[in-house]
Amino acid sequence: TAQTALTLHAQGGGIACTGWLESSSDGGSTWTQVTPSYSLSYEGGQTYAFSPAVADGTGQLVRACAQSTGTKMCSKGW
């Protein structure tokens with residue numbers, strides 16, 4: 001089985017940052033949020049998120065997403 005972890009670190013200046021993990025079962029055509037959204041607004045803070053465990057070989061993808069004051073940004077699915 002495989003599982004993914006997200007580590008979210010707060011930015012300086014008190015700007016809030018929110019992060020979460022998303023999963024896709026169709027090769028990345030559609031994405032579903034699979035963890036709660038975690039928000040940090042103080043410098044030096046950090047939190048962790050873990051995706052549900054998935055059996056190897058299923059073709060399931062996961063990606064990390066974050067948003068601060070601008071557009072949602074996500075990593076490439078892996």
Side-chain angles (χ1 to χ4, degrees):
T1 59
Q3 190 174 26
T4 302
L6 165 74
T7 304
L8 183 65
H9 296 272
Q11 301 297 311
I15 298 171
C17 180
T18 302
W20 61 92
L21 293 173
E22 295 181 347
S23 181
S24 174
S25 60
D26 59 9
S29 293
T30 58
W31 293 91
T32 303
Q33 187 170 333
V34 293
T35 64
S37 295
Y38 296 92
S39 294
L40 295 173
S41 60
Y42 57 93
E43 198 167 341
Q46 62 183 9
T47 191
Y48 305 92
F50 298 93
S51 69
V54 176
D56 291 336
T58 62
Q60 192 87 6
L61 297 174
V62 68
R63 68 182 182 182
C65 298
Q67 187 169 14
S68 185
T69 58
T71 304
K72 168 184 155 180
M73 300 295 292
C74 295
S75 67
K76 180 180 177 182
W78 71 92

Can you tell me how far CH2 of Trp20 sits from OG of Ser39, rounded to the nearest 0.5 angstrom? 8.5 Å
Over all heavy atoms of both residues, which pair between Val62 and Leu21 is shortest? Give the atoms and the distance, please. CG2-CB, 4.5 Å
Cluster membership besides Trp31, Ile/Leu/Val/Met/Phe/Trp/Tyr side chains within less than 4.5 angstrom, sorted by chain and number, is Leu61
Compare every heavy atom of Trp78 with every heavy atom of Arg63, then report the nearest pair and how far apart it is. CA-CZ3, 3.8 Å
Over all heavy atoms of both residues, which pair between Asp26 and Ser24 is shortest? Give the atoms and the distance, please. OD1-OG, 2.8 Å
CE (Met73) and SG (Cys65) are apart, to the nearest 0.5 Å, by 10.0 Å
What I'd like to find out is whether the side chain of Thr18 reaches to under 4.5 Å of the side chain of Tyr38, using heavy atoms alone. no
